[in-house]
Chemist: 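Below is the structure I would like to discuss, written out as C-alpha coordinates.
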Amino acid sequence: MFKSSTQVVPQAPAVPRHLAIIMDGNGRWATERHLPRVAGHSKGVDAVRRSVETCARLGVEYLTLFAFSSENWRRPAEEVSVLMRLFVTALEREVRQLHANDIRLKVVGDLSPFEPRLQELIQASELKTANNKRLTLTVAANYGGRWDLLQATQRMLREHPEIVHQVGPLTEEQLAPYLVMSYAPEPDLFIRTGGEQRISNFLLWQLAYTELYFTDQYWPDFDQQSIETAIDSYRQRERRFGRTSAQVLPNTKAASALG
Ligand code: IPE
Ligand code: IPE
Ligand code: MG
(Lines give C-alpha, C1' and ligand atoms only; values in the text may rest on other atoms or scores of the structure.)
(Ligands and ions follow the chains in the order given, each with its own letter.)
Protein backbone atom coordinates (compact mmCIF):
# COMPACT_ATOMS: atom_id res chain seq x y z
CA MET A 1 0.00 0.00 0.00
CA PHE A 2 1.17 3.54 -0.70
CA LYS A 3 2.60 4.92 2.48
CA SER A 4 1.75 8.57 3.11
CA SER A 5 3.26 10.78 5.78
CA THR A 6 -0.29 11.64 6.80
CA GLN A 7 -1.18 8.00 7.60
CA VAL A 8 -0.67 8.73 11.24
CA VAL A 9 -3.45 11.14 12.22
CA PRO A 10 -1.66 14.18 13.65
CA GLN A 11 -2.98 15.92 16.73
CA ALA A 12 -5.30 18.81 15.88
CA PRO A 13 -4.66 21.46 18.53
CA ALA A 14 -7.26 24.13 19.32
CA VAL A 15 -4.87 26.80 18.15
CA PRO A 16 -3.09 25.91 14.90
CA ARG A 17 0.59 25.12 15.47
CA HIS A 18 1.31 26.39 11.97
CA LEU A 19 -0.69 29.14 10.25
CA ALA A 20 0.09 29.99 6.61
CA ILE A 21 -1.34 33.14 5.01
CA ILE A 22 -1.60 34.47 1.46
CA MET A 23 -1.72 38.21 2.11
CA ASP A 24 -3.82 39.40 -0.81
CA GLY A 25 -5.82 42.52 -1.64
CA ASN A 26 -3.30 45.31 -1.02
CA GLY A 27 -3.75 46.74 -4.50
CA ARG A 28 -7.55 46.73 -4.38
CA TRP A 29 -7.52 48.22 -0.88
CA ALA A 30 -5.55 51.18 -2.26
CA THR A 31 -7.45 51.51 -5.54
CA GLU A 32 -10.77 51.72 -3.69
CA ARG A 33 -9.34 54.69 -1.81
CA HIS A 34 -8.03 56.33 -5.00
CA LEU A 35 -4.48 55.73 -3.80
CA PRO A 36 -1.60 54.19 -5.76
CA ARG A 37 -1.38 50.38 -5.35
CA VAL A 38 1.89 50.70 -3.44
CA ALA A 39 0.05 52.57 -0.66
CA GLY A 40 -1.73 49.27 -0.07
CA HIS A 41 1.57 47.46 0.21
CA SER A 42 2.88 49.85 2.87
CA LYS A 43 -0.39 49.49 4.80
CA GLY A 44 0.10 45.74 4.43
CA VAL A 45 3.29 45.94 6.50
CA ASP A 46 1.21 47.16 9.48
CA ALA A 47 -1.05 44.14 9.06
CA VAL A 48 2.02 41.88 9.10
CA ARG A 49 3.14 43.41 12.41
CA ARG A 50 -0.36 42.93 13.89
CA SER A 51 -0.54 39.31 12.72
CA VAL A 52 2.85 38.45 14.20
CA GLU A 53 1.84 39.98 17.54
CA THR A 54 -1.52 38.21 17.57
CA CYS A 55 -0.04 34.82 16.64
CA ALA A 56 2.66 35.11 19.30
CA ARG A 57 0.02 35.99 21.88
CA LEU A 58 -2.28 33.12 20.87
CA GLY A 59 0.51 30.55 21.00
CA VAL A 60 0.83 29.81 17.27
CA GLU A 61 4.31 28.29 16.85
CA TYR A 62 4.84 28.88 13.11
CA LEU A 63 3.45 31.77 11.05
CA THR A 64 4.21 31.68 7.33
CA LEU A 65 3.43 34.68 5.14
CA PHE A 66 3.46 34.72 1.33
CA ALA A 67 5.04 38.08 0.52
CA PHE A 68 6.17 37.71 -3.10
CA SER A 69 5.52 34.83 -5.46
CA SER A 70 7.79 33.60 -8.24
CA GLU A 71 5.08 34.91 -10.59
CA ASN A 72 4.98 38.43 -9.09
CA TRP A 73 7.98 39.47 -11.25
CA ARG A 74 5.36 39.79 -14.01
CA ARG A 75 4.06 42.97 -12.37
CA PRO A 76 5.10 46.45 -13.58
CA ALA A 77 8.79 47.06 -12.80
CA GLU A 78 7.90 50.08 -10.67
CA GLU A 79 5.63 48.04 -8.38
CA VAL A 80 8.24 45.27 -8.06
CA SER A 81 10.92 47.76 -7.11
CA VAL A 82 8.69 49.40 -4.47
CA LEU A 83 7.96 45.95 -3.01
CA MET A 84 11.70 45.22 -2.80
CA ARG A 85 12.34 48.56 -1.11
CA LEU A 86 9.53 47.90 1.36
CA PHE A 87 11.07 44.53 2.17
CA VAL A 88 14.43 46.19 2.91
CA THR A 89 12.85 48.89 5.10
CA ALA A 90 10.68 46.40 6.95
CA LEU A 91 13.72 44.26 7.76
CA GLU A 92 15.73 47.29 8.87
CA ARG A 93 12.94 48.55 11.10
CA GLU A 94 11.33 45.42 12.50
CA VAL A 95 14.03 42.85 13.18
CA ARG A 96 15.13 44.40 16.46
CA GLN A 97 11.56 44.16 17.73
CA LEU A 98 11.18 40.59 16.50
CA HIS A 99 14.37 39.65 18.32
CA ALA A 100 13.24 41.38 21.53
CA ASN A 101 10.05 39.30 21.36
CA ASP A 102 11.92 36.01 20.98
CA ILE A 103 10.75 35.55 17.36
CA ARG A 104 12.84 33.63 14.85
CA LEU A 105 12.78 34.93 11.27
CA LYS A 106 13.23 32.69 8.23
CA VAL A 107 12.97 33.76 4.60
CA VAL A 108 12.28 31.01 2.06
CA GLY A 109 12.34 31.15 -1.73
CA ASP A 110 14.90 31.65 -4.47
CA LEU A 111 16.74 34.65 -3.07
CA SER A 112 19.39 34.76 -5.81
CA PRO A 113 17.69 37.43 -7.99
CA PHE A 114 17.43 39.85 -5.04
CA GLU A 115 19.93 42.70 -4.86
CA PRO A 116 22.99 41.92 -2.68
CA ARG A 117 21.94 44.44 0.02
CA LEU A 118 18.62 42.63 0.52
CA GLN A 119 20.27 39.20 0.53
CA GLU A 120 22.75 40.38 3.19
CA LEU A 121 19.97 41.85 5.32
CA ILE A 122 18.01 38.60 5.14
CA GLN A 123 21.05 36.58 6.12
CA ALA A 124 21.91 38.89 9.02
CA SER A 125 18.30 38.92 10.28
CA GLU A 126 18.06 35.14 10.18
CA LEU A 127 21.35 34.79 11.98
CA LYS A 128 20.46 37.31 14.69
CA THR A 129 17.13 35.61 15.48
CA ALA A 130 18.21 32.01 14.87
CA ASN A 131 17.96 30.84 18.48
CA ASN A 132 14.62 32.49 19.29
CA LYS A 133 11.92 30.14 20.48
CA ARG A 134 8.54 31.82 20.88
CA LEU A 135 7.39 31.87 17.25
CA THR A 136 8.98 31.11 13.89
CA LEU A 137 7.97 33.74 11.34
CA THR A 138 8.64 32.56 7.80
CA VAL A 139 8.41 35.02 4.94
CA ALA A 140 8.06 33.38 1.53
CA ALA A 141 9.78 35.66 -0.98
CA ASN A 142 10.26 34.73 -4.64
CA TYR A 143 8.72 31.47 -3.54
CA GLY A 144 6.69 29.06 -5.64
CA GLY A 145 5.42 25.62 -4.64
CA ARG A 146 6.57 24.11 -7.93
CA TRP A 147 10.00 25.72 -7.58
CA ASP A 148 10.21 24.19 -4.09
CA LEU A 149 9.42 20.67 -5.35
CA LEU A 150 11.94 21.00 -8.17
CA GLN A 151 14.76 22.38 -6.01
CA ALA A 152 14.08 19.65 -3.42
CA THR A 153 14.27 16.89 -6.05
CA GLN A 154 17.43 18.37 -7.51
CA ARG A 155 19.19 18.70 -4.14
CA MET A 156 18.13 15.22 -3.06
CA LEU A 157 19.54 13.68 -6.23
CA ARG A 158 22.73 15.72 -5.99
CA GLU A 159 23.33 14.55 -2.41
CA HIS A 160 22.10 10.99 -3.00
CA PRO A 161 22.67 10.04 -6.65
CA GLU A 162 22.31 6.37 -5.65
CA ILE A 163 18.55 6.97 -5.16
CA VAL A 164 18.08 6.62 -8.93
CA HIS A 165 19.09 2.96 -8.62
CA GLN A 166 17.34 2.13 -5.36
CA VAL A 167 15.09 -0.90 -5.26
CA GLY A 168 11.56 0.20 -4.41
CA PRO A 169 9.81 3.50 -4.92
CA LEU A 170 10.94 6.90 -3.72
CA THR A 171 9.28 7.75 -0.41
CA GLU A 172 7.91 11.00 0.99
CA GLU A 173 10.40 10.71 3.84
CA GLN A 174 13.26 10.82 1.33
CA LEU A 175 12.09 13.99 -0.44
CA ALA A 176 10.47 16.01 2.37
CA PRO A 177 13.73 16.98 4.16
CA TYR A 178 14.81 18.91 1.06
CA LEU A 179 11.73 21.15 0.90
CA VAL A 180 12.61 24.65 2.09
CA MET A 181 10.24 24.52 5.07
CA SER A 182 11.38 21.12 6.35
CA TYR A 183 11.96 22.71 9.77
CA ALA A 184 8.21 23.24 10.28
CA PRO A 185 5.22 20.91 10.62
CA GLU A 186 2.74 21.13 7.74
CA PRO A 187 0.29 24.06 8.14
CA ASP A 188 -2.86 23.31 10.16
CA LEU A 189 -4.67 26.39 8.85
CA PHE A 190 -4.32 28.36 5.63
CA ILE A 191 -5.86 31.81 5.27
CA ARG A 192 -6.20 33.80 2.06
CA THR A 193 -7.46 37.36 2.28
CA GLY A 194 -8.71 39.45 -0.64
CA GLY A 195 -11.56 37.24 -1.86
CA GLU A 196 -9.76 34.95 -4.33
CA GLN A 197 -10.15 31.24 -3.67
CA ARG A 198 -6.92 29.77 -5.02
CA ILE A 199 -3.51 28.62 -3.86
CA SER A 200 -1.47 30.66 -6.42
CA ASN A 201 1.51 28.29 -6.29
CA PHE A 202 2.01 28.61 -2.51
CA LEU A 203 2.98 25.56 -0.41
CA LEU A 204 1.72 22.87 -2.81
CA TRP A 205 3.14 19.83 -1.01
CA GLN A 206 2.61 21.07 2.53
CA LEU A 207 -1.05 22.12 2.13
CA ALA A 208 -2.19 18.55 1.36
CA TYR A 209 -4.31 18.26 4.54
CA THR A 210 -4.42 21.88 5.68
CA GLU A 211 -7.78 23.45 6.54
CA LEU A 212 -8.47 26.24 4.05
CA TYR A 213 -10.09 29.54 5.00
CA PHE A 214 -10.92 32.34 2.56
CA THR A 215 -12.08 35.82 3.47
CA ASP A 216 -13.09 38.82 1.35
CA GLN A 217 -11.32 41.18 3.71
CA TYR A 218 -8.33 42.95 2.13
CA TRP A 219 -4.96 42.27 3.75
CA PRO A 220 -4.43 45.86 5.06
CA ASP A 221 -7.73 45.53 7.01
CA PHE A 222 -6.86 42.12 8.47
CA ASP A 223 -6.56 42.43 12.25
CA GLN A 224 -6.54 40.54 15.51
CA GLN A 225 -10.29 39.90 15.34
CA SER A 226 -9.93 38.53 11.79
CA ILE A 227 -7.34 35.98 12.93
CA GLU A 228 -9.48 34.96 15.87
CA THR A 229 -12.52 34.50 13.57
CA ALA A 230 -10.45 32.31 11.24
CA ILE A 231 -9.21 30.22 14.16
CA ASP A 232 -12.81 29.85 15.43
CA SER A 233 -13.77 28.47 12.02
CA TYR A 234 -10.80 26.10 12.14
CA ARG A 235 -11.94 24.80 15.52
CA GLN A 236 -15.24 23.71 14.00
CA ARG A 237 -13.53 21.55 11.39
CA GLU A 238 -13.19 17.82 11.71
CA ARG A 239 -9.79 16.80 10.39
CA ARG A 240 -10.15 13.27 9.10
CA PHE A 241 -6.95 12.71 7.10
CA GLY A 242 -8.75 10.17 4.93
CA ARG A 243 -10.51 8.33 7.72
CA THR A 244 -14.19 8.22 8.65
CA SER A 245 -15.76 10.51 11.20
CA ALA A 246 -16.33 7.60 13.60
CA GLN A 247 -12.65 6.70 13.46
CA VAL A 248 -11.34 10.12 14.30
CA LEU A 249 -13.80 11.39 16.91
CA PRO A 250 -13.15 12.80 19.42
CA ASN A 251 -9.40 13.17 18.83
CA THR A 252 -9.10 15.33 15.73
CA LYS A 253 -11.93 17.82 16.09
CA ALA A 254 -9.89 20.81 17.11
CA ALA A 255 -12.73 22.17 19.28
CA SER A 256 -12.65 19.06 21.47
CA ALA A 257 -9.15 19.98 22.59
CA LEU A 258 -10.77 22.90 24.39
CA GLY A 259 -12.55 20.45 26.72
C1 IPE B 1 -0.85 41.08 -2.32
O2 IPE B 1 -1.69 42.10 -2.73
C3 IPE B 1 0.59 41.53 -2.21
C4 IPE B 1 1.49 40.93 -3.20
C5 IPE B 1 1.19 40.03 -4.10
C6 IPE B 1 2.87 41.37 -3.15
P7 IPE B 1 -1.92 42.39 -4.27
O8 IPE B 1 -0.92 43.38 -4.72
O9 IPE B 1 -1.97 41.14 -5.05
O10 IPE B 1 -3.37 43.07 -4.23
P11 IPE B 1 -4.52 42.89 -5.29
O12 IPE B 1 -4.81 41.42 -5.41
O13 IPE B 1 -4.03 43.46 -6.60
O14 IPE B 1 -5.65 43.66 -4.72
C1 IPE C 1 -0.42 35.66 -4.34
O2 IPE C 1 -1.11 36.83 -4.65
C3 IPE C 1 0.98 35.95 -3.94
C4 IPE C 1 1.18 36.76 -2.75
C5 IPE C 1 0.26 37.21 -1.94
C6 IPE C 1 2.54 37.06 -2.47
P7 IPE C 1 -1.32 37.29 -6.16
O8 IPE C 1 -2.19 38.49 -6.10
O9 IPE C 1 -0.02 37.43 -6.86
O10 IPE C 1 -2.11 36.03 -6.78
P11 IPE C 1 -2.95 35.90 -8.12
O12 IPE C 1 -2.09 36.40 -9.23
O13 IPE C 1 -4.18 36.73 -7.96
O14 IPE C 1 -3.27 34.43 -8.22
MG1 MG D 1 -3.48 39.88 -5.57
Side-chain angles (χ1 to χ4, degrees), residues 18-52 54-55 62-94 105-115 118-119 121-122 137-151 179-181 184 187 189-207 210 212-223 226-227 230:
H18 184 174
L19 169 60
I21 307 183
I22 296 189
M23 312 182 285
D24 198 19
N26 292 351
R28 281 163 290 162
W29 181 92
T31 306
E32 283 184 10
R33 285 161 180 78
H34 309 286
L35 296 167
R37 289 177 52 84
V38 295
H41 297 317
S42 6
K43 259 301 204 212
V45 179
D46 298 338
V48 168
R49 197 181 305 111
R50 279 199 302 269
S51 304
V52 174
T54 306
C55 286
Y62 297 86
L63 172 64
T64 302
L65 302 175
F66 203 5
F68 192 86
S69 76
S70 39
E71 290 72 32
N72 287 144
W73 297 106
R74 297 171 186 159
R75 295 191 176 200
E78 171 62 18
E79 181 168 339
V80 170
S81 101
V82 170
L83 282 167
M84 294 301 151
R85 248 181 294 141
L86 262 180
F87 198 6
V88 169
T89 342
L91 284 172
E92 285 171 343
R93 287 195 189 149
E94 309 288 341
L105 178 72
K106 304 276 274 179
V107 181
V108 298
D110 177 8
L111 307 184
S112 63
F114 292 159
E115 61 171 56
L118 180 52
Q119 292 190 39
L121 257 176
I122 290 171
L137 168 64
T138 302
V139 175
N142 194 23
Y143 176 87
R146 291 183 178 181
W147 166 82
D148 195 3
L149 285 164
L150 291 172
Q151 70 77 29
L179 294 165
V180 287
M181 286 204 65
L189 176 62
F190 159 98
I191 298 175
R192 180 171 187 146
T193 62
E196 313 297 352
Q197 303 197 358
R198 53 177 173 255
I199 303 294
S200 298
N201 199 14
F202 196 24
L203 304 159
L204 297 180
W205 172 284
Q206 298 87 338
L207 292 175
T210 302
L212 306 181
Y213 179 89
F214 298 94
T215 168
D216 289 338
Q217 205 170 29
Y218 294 141
W219 177 250
D221 292 326
F222 200 74
D223 62 10
S226 320
I227 293 195

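Every value quoted in this text rests on a predicted model; they were computed, and no experiment measured them. One-based numbering, in listed order, for ligands and for the atoms of each.
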Chemist: Out of all atoms in ligand 2, which are within 4.0 Å of some heavy atom of Asp24? Include the element for each.
Modeler: 2 (O), 8 (O)
Chemist: Students should be able to answer this: which protein heavy-atom is nearest to atom 6 (C) of ligand 1, and at what distance?
Modeler: Ala67 O, 3.3 Å
Chemist: Check Asn72 against ligand 1 and report side chain, backbone, both or neither, counting heavy atoms closer than 4.0 Å.
Modeler: side chain
Chemist: Heavy-atom distance to atom 10 (O) of ligand 2: which of Glu71, Arg192, Arg198 wins?
Modeler: Arg192
Chemist: At what distance is the nearest protein heavy atom to atom 14 (O) of ligand 2, and which residue and atom is it?
Modeler: Ser200 OG, 2.6 Å
Chemist: From the Mg ion (ligand 3) out to just under 2.8 Å, does an N/O/S atom of Glu196 turn up?
Modeler: no
Chemist: Taking heavy atoms and a distance under 4.0 Å, where does Glu196 meet ligand 1: side chain, backbone, both or neither?
Modeler: neither
Chemist: Scan the protein's non-hydrogen atoms and note whether one is under 4.0 Å from atom 12 (O) of ligand 2.
Modeler: no
Chemist: May I ask you to decide if the ring planes of Phe87 and Phe114 are parallel, tilted or perpendicular, using 30° and 60° as cut-offs?
Modeler: perpendicular
Chemist: Run the numbers for me: atoms of ligand 2, each under 4.0 Å from some heavy atom of Ile22, listed by number.
Modeler: 1 (C), 5 (C)
Chemist: Tell me, which protein residue and heavy-atom name are nearest atom 5 (C) of ligand 2, and how many Å apart are they?
Modeler: Met23 O, 3.4 Å
Chemist: Is any side-chain heavy atom of Arg192 closer than 4.5 Å to one of Arg198?
Modeler: yes
Chemist: Could you check whether His41 and Glu79, counting side-chain N and O atoms only, form a donor-acceptor pair closer than 3.5 Å?
Modeler: yes
Chemist: Do Tyr218 and Phe222 have side chains that approach each other closer than 4.5 Å (heavy atoms only, starting at C-beta)?
Modeler: no
Chemist: For atom 7 (P) of ligand 2, what is the nearest protein heavy atom, given as residue, atom name and distance?
Modeler: Arg75 NH2, 3.7 Å
Chemist: Examine the proximity of ligand 2 to Arg28 and report which part, side chain or backbone, both or neither, has a heavy atom under 4.0 Å away.
Modeler: neither
Chemist: At their closest point, which heavy atom of Val107 faces which heavy atom of Ala141, and how far apart are they?
Modeler: CG1-CB, 4.1 Å
Chemist: Would you check if there is a donor-acceptor pair between the side chains of Arg146 and Ser70 at a distance under 3.5 Å?
Modeler: no
Chemist: Is any side-chain heavy atom of Ile199 closer than 4.5 Å to one of Asn201?
Modeler: no
Chemist: Compute the centroid of each ring, for Phe190 and then for Phe214, and state whether the two points are separated by less than 6.0 Å.
Modeler: yes
Chemist: Any heavy atom of Gly194 sitting closer than 4.0 Å to ligand 1?
Modeler: no
Chemist: Would you check if Ile22 and Ile191 make a side-chain contact, meaning some heavy-atom pair closer than 4.5 Å?
Modeler: no
Chemist: Can you tell me if Ser69 has a non-hydrogen atom under 4.0 Å from ligand 1?
Modeler: no
